[in-house]
Amino acid sequence: TEIYTLSLHDALPIYQCPAGQFDRDADPDTPCELCNPGMQSSEDRLRCDFCVAGRADHDSNPATNCTLCTAGKHSFMGGTECTACERGKADLDRSAATECVACRAGQHSEQGSVSCMNCTAGTVDEDSDPATLCEPCVTGRYAAEGSAQCILCPPGWADSDSNPATPCRFCPSGTTT
């Protein structure tokens with residue numbers, strides 16, 4: 001289907017390319033050119049514009065609009081797909097236009113996360129790698145929520161309930177650890 005519009009300057013018809021194509025030289029006698037994947041034709045069809053960051057050309061069809069990536073995913077300018085945040089990273093600002101942010105030591109996240117989860121009390125991020133799961137402390141050690149290391153109960157204190165999620169307790173006078 002050919003679309004014609006009238007020029008306000010000279011009242012002559014101007015050919016407009018179909019969606020997904022552009023007219024590089026504004027000459028109706030030369031063929032329209034197809035926009036590349038990751039782009040869509042401008043409103044006036046005289047150029048191709050990249051999909052903006054946070055939107056992607058999922059179907060690689062420049063005749064369709066670039067679509068918004070969902071939370072937990074991101075796309076760079078000119079992208080053809082939305083990429084899920086890797087394990088250990090999260091879409092903290094919930095903006096698909098920005099890169100995913102690494103979680104800090106003592107936290108972890110699954111692929112496509114929008115938040116970082118603290119290691120629960122009694123578990124730690126010993127390798128300081130938020131892409132790996134938190135590991136439980138052994139008996140006689142304690143870790144608060146979000147810890148990166150298990151703490152050995154000091155002399156005079158004991159893990160009386162054998163629960164690494166609860167703090168070590170002071171031994172009463174006359175008892176030993």
Value rounded to 0.5 Å, distance of [atom1] in [X] from [atom2] in [Y]:
{"X": "Gln111", "Y": "Cys100", "atom1": "CD", "atom2": "SG", "result": "10.0 Å"}
{"X": "Arg87", "Y": "Glu110", "atom1": "CZ", "atom2": "CD", "result": "4.5 Å"}
{"X": "Asp23", "Y": "Glu33", "atom1": "CG", "atom2": "CD", "result": "8.5 Å"}

Side-chain heavy atoms of [X] within contact of [Y], under 4.5 Å:
{"X": "Val124", "Y": "Cys119", "answer": "no"}
{"X": "Phe76", "Y": "Glu99", "answer": "yes"}
{"X": "Asp57", "Y": "Asn65", "answer": "no"}

>> For Ser115, give me all partners under side-chain hydrogen bond (donor to acceptor under 3.5 Å, both in side chains), at least two apart in sequence or on another chain.
In response: none

> What pairs meet the ring-ring contact (aromatic ring centres under 6.0 Å, His included) rule with one or both residues in residues 88-134, with sequence neighbours excluded?
Replying inline: none

> Among all residues two or more places apart in sequence or in another chain, which pass the salt bridge (charged side-chain N to carboxylate O under 4.0 Å, His left out) test with Glu81?
Replying inline: none

>> Among residues at least two apart in sequence or on other chains, which ones pass salt bridge (charged side-chain N to carboxylate O under 4.0 Å, His left out) with Arg104?
In response: none

Name the atoms and distances for all side-chain donor-acceptor pairs under 3.5 Å in residues 130-155, with sequence neighbours left out.
from	atom 1	to	atom 2	distance (Å)
Thr132	OG1	Asp127	OD1	3.1
Thr132	OG1	Asp127	OD2	3.0
Thr132	OG1	Asp129	O	2.8
Glu145	OE2	Asn118	ND2	3.2
Ser147	OG	Ala144	N	3.2
Ser147	OG	Ala144	O	2.7

Donor-acceptor pairs are to be reported for all side-chain atoms of residues 66-73 against protein atoms at under 3.5 Å, with residues two or more places apart or in another chain.
from	atom 1	to	atom 2	distance (Å)
Thr67	OG1	Ala56	O	3.4
Thr67	OG1	His58	NE2	3.1

>> Please find the pair of heavy atoms, one from Thr98 and one from His74, that lie closest to each other, and give the distance.
In response: O-CB, 3.4 Å

> What closest approach, in Å, do Cys48 and Phe22 show between heavy atoms, and which atom pair accounts for it?
Replying inline: SG-CD2, 3.1 Å

